[in-house]
Colleague: 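Okay, handing you the structure first.
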Amino acid sequence: MSADRASDPAAAATALVAALPPLNKMALVAIWVETILYGVNIVVYSGAAYVLLGKRKRASSVQSCLFAASTLLFAFSTAHVAVSLRQLVQAFTNPSIAAVPGGSSLYFLNQTDHLVFAGQLIYLLDVLVQDLVLIWRLFAVMGGDRRVVVLPLILEALNQASALYTLVKVFDGTSVEDPGIRPWGILNWSLHLIINIGVTAAIAAKIWWQGRLTIDVRGHNAYAGVAYTIMESGGLFAGATLVLFILYINTSTGLDALVGVSPVSQLATLSPLLIIVRVGFGLTHGSFNSANPSGSANVVSTARFGSNSEALRIDVHSTQVSDYTSSRDLFAMRAVKSDTDADSA
């Protein structure tokens, strides 16, 4: 019986498909979710562009760099959704694939396909830019102290090296379940989680701690809303990555994690852009968009992170609704040039 299957490719393919999860349906749903998230990214990227460039006649160099990084992230998300859609067309319309029983599932099983390699490489580059933006934010809120970013940068280098090694080996034909590859994949996912959760938590903790200085004046932590917003937005990507990591370390669902990369690639772009938009438009945790976050009127408190000429500043605005007791705080975080006179201190 086994000899007959070995001599009959169709029978062998049928037996293989029967032992596999429904990869074709899983990929179809995953890419469908990816296209929805890409639509969200279009809207959020437009909002981020307005926050960074549209509110000011002249953008600072930090704002320009953030816009360039945001544009690069959006370009990666566009390229990835294009590759994913091309995979769908190939899997379900190619006559040679359709002629094989379960051919679409076998297509998504094949990790040596050039489209699979392209999609995974784009995802790695997207994650790299997202992580570097995150580490830069840590550098900014820590007052430009280079020491705080040494460890995150080392971990990021190890993360990208392990990911690239795994990708190349799998593209060469090594199975993702191979004992020589699997530890590298686990290392990659682990470092990815450590960087995202650790750096995001450090940024939020620093902002929240700085806000404790306003409790005596305001009666509450004026920057808590920004800190919670950073945790919420950053938690989207970290949570999705955690799900993929759990799927990957379970040998019975290892392939599921690779299929799930499609929608998560869009979250790698969405997470940093969402922070810019939510804070820039005053849509922070527990706040209401009842004032103009682009203006400087009614600024009741300012926190400045960074001692160099390009600092990250958080302005806290107060909007009078009926009287002082009913006023609501609106937070706006933006990258601006430091004032040259003493009243900016």
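It should be emphasised that the depicted structure is a prediction, and the values quoted were computed from it without experimental measurement.
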Colleague: Using every non-hydrogen atom in the two residues, find where V277 and A48 come nearest and quote the distance to one decimal.
Modeller: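 In terms of heavy atoms, the two residues are closest at CG2-N, 3.3 Å.
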Colleague: Going by side chain to side chain contact (heavy atoms under 4.5 Å, CB included), Y107 matches just one of V100, L115, N94, L88. Which one?
Modeller: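 Exactly one candidate clears the test, L115.
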Colleague: For the NZ atom of K25 and the CG atom of L28, what is their distance to the nearest 0.5 Å?
Modeller: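 Here the rounded value is 10.0 Å.
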Colleague: Please report the C-alpha distance between Q266 and I36 in whole Å, then the side-chain angles of each, then the deciding distance to 0.1 Å, and finally whether the side-chain contact (heavy atoms from CB on, under 4.5 Å) criterion is met.
Modeller: CA-CA 9 Å; Q266 297 299 317; I36 294 176; over 6 Å; no
Colleague: When the ring planes of Y248 and W189 are compared, do they come out parallel, tilted or perpendicular, using 30° and 60° as the limits?
Modeller: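 Tilted, since the angle between the ring planes falls between 30° and 60°.
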Colleague: Determine whether I203 and V199 satisfy the following criterion, side-chain contact (heavy atoms from CB on, under 4.5 Å), listing intermediate values before the conclusion.
Modeller: CA-CA 6 Å; I203 293 171; V199 175; 4.0 Å; yes
Colleague: Which value, rounded to the nearest 0.5 Å, describes the distance between L124 atom CG and S265 atom OG?
Modeller: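 One finds 11.0 Å between CG of L124 and OG of S265.
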Colleague: I need the Q130 CD to I195 CD1 distance, nearest 0.5 Å.
Modeller: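 It is 9.5 Å, given to the nearest 0.5 Å.
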Colleague: Contact between L132 and L128 at the side-chain level, heavy atoms closer than 4.5 Å - yes or no?
Modeller: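 Side-chain contact under 4.5 Å: yes.
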Colleague: Quick one: closest heavy-atom pair of L52 and S70, and the distance?
Modeller: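 Scanning both residues completely, I find the closest heavy atoms to be CD1-OG, 4.1 Å.
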Colleague: Under 3.5 Å, side chain of S271 to main-chain N/O of L267, donor-acceptor pair present?
Modeller: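 Here the side-chain-to-backbone pair does not exist.
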Colleague: Linking I/L/V/M/F/W/Y whenever any side-chain heavy atoms sit under 4.5 Å apart, do L270 and V43 land together?
Modeller: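 Not linked; separate clusters.
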Colleague: Are I207 and M231 linked, directly or through other ILVMFWY residues, by side chains that come within less than 4.5 angstrom of each other?
Modeller: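 Different hydrophobic clusters.
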Colleague: Side-chain contact, heavy-atom cut-off 4.5 Å: Q87 with F108?
Modeller: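 Side-chain contact under 4.5 Å: yes.
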Colleague: For a 4.5 angstrom cut-off between non-hydrogen side-chain atoms, does I194 reach L155?
Modeller: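 Yes, side chains in contact.
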Colleague: I would like to know whether V170 and I181 meet side-chain contact (heavy atoms from CB on, under 4.5 Å); could you show each step before the answer?
Modeller: CA-CA 8 Å; V170 171; I181 291 296; 4.2 Å; yes
Colleague: Return the OG to CG distance between S162 and L191, rounded to the nearest 0.5 Å.
Modeller: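 Those atoms lie 5.5 Å apart.
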Colleague: Rounded to the nearest 0.5 Å, how far does CG of L242 lie from CG of N196?
Modeller: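 With rounding to 0.5 Å, CG (N196) is 11.0 Å from CG (L242).
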Colleague: Show your reasoning for whether side-chain contact (heavy atoms from CB on, under 4.5 Å) applies to L85 and T35.
Modeller: CA-CA 9 Å; L85 292 176; T35 57; 4.0 Å; yes
Colleague: Using the six-membered ring wherever Trp is involved, compare the ring planes of H192 and F237 and label them parallel, tilted or perpendicular (cut-offs 30° and 60°).
Modeller: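 Perpendicular: the ring planes of H192 and F237 meet at over 60°.
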Colleague: So, taking the atom named OG1 in T200 and the one named CD1 in I230, what distance separates them when rounded to the nearest 0.5 Å?
Modeller: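 The OG1 atom of T200 sits 8.5 Å away from the CD1 atom of I230.
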Colleague: Determine the minimum heavy-atom distance between S104 and I97, stating which atoms define it.
Modeller: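 Closest pair (atom of S104, atom of I97, distance): N-CG2, 3.9 Å.
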Colleague: Got Y45 and N41 here, is their nearest side-chain heavy-atom distance under 4.5 Å?
Modeller: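 Result no, sub-4.5 Å side-chain heavy-atom pair not found.
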Colleague: Minimum heavy-atom separation for A204 and A227, please, with both atom names.
Modeller: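 Closest pair (atom of A204, atom of A227, distance): O-CB, 3.4 Å.
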Colleague: Please give me the minimum heavy-atom distance between G185 and T166, naming the atom from each residue.
Modeller: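 Minimum heavy-atom separation between G185 and T166: N-OG1, 3.8 Å.
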Colleague: Is the shortest side-chain heavy-atom distance between D178 and K169 below 4.5 Å?
Modeller: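 A side-chain contact under 4.5 Å is absent here.
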Colleague: Tell me which pairs pass side-chain hydrogen bond (donor to acceptor under 3.5 Å, both in side chains) where either residue lies in residues 116-127, with sequence neighbours left out.
Modeller: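 Only D126-T269 qualify under side-chain hydrogen bond (donor to acceptor under 3.5 Å, both in side chains).
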Colleague: Between F74 and I42, is there a side-chain heavy-atom distance shorter than 4.5 Å?
Modeller: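 SC-SC contact between I42 and F74 confirmed.
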Colleague: Is V264 reachable from L37 through a run of hydrophobic residues whose side-chain heavy atoms are each under 4.5 Å from the next?
Modeller: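 Yes; V264 is reachable from L37 via cluster members.
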Colleague: Same cluster or not: are V141 and V150 linked, directly or through other Ile, Leu, Val, Met, Phe, Trp or Tyr residues, by side-chain heavy atoms under 4.5 angstrom apart?
Modeller: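 Per the 4.5 Å side-chain linkage, V141 and V150 are co-clustered.
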Colleague: Taking all non-hydrogen atoms of both residues, which atom of V129 and which atom of A69 are closest, and how far apart?
Modeller: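 Scanning both residues completely, I find the closest heavy atoms to be CG1-O, 4.1 Å.
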Colleague: Has R182 got a side-chain atom pairing as donor or acceptor with I249's backbone, closer than 3.5 angstrom?
Modeller: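 Indeed, once roles are kept as given, a pair shorter than 3.5 Å links the two residues.
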Colleague: Does some side-chain heavy atom of Q160 sit less than 4.5 Å from a side-chain heavy atom of V127?
Modeller: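 Yes, side chains in contact.
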Colleague: Using a 4.5 Å cut-off on heavy atoms from C-beta on, say whether the side chain of N188 contacts that of N159.
Modeller: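 They are in contact (side-chain heavy atoms under 4.5 Å apart), so the answer is yes.
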Colleague: May I ask whether V116 and I31 are part of the same hydrophobic cluster, defined by side-chain heavy atoms of I, L, V, M, F, W, Y residues being less than 4.5 angstrom apart, directly or through others?
Modeller: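 As far as the 4.5 Å side-chain criterion goes, I31 and V116 are not connected within one cluster.
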Colleague: For the pair Y50 and F67, evaluate ring-ring contact (aromatic ring centres under 6.0 Å, His included) and give the outcome as yes or no after the intermediate values.
Modeller: CA-CA 10 Å; Y50 174 74; F67 176 71; over 10 Å; no
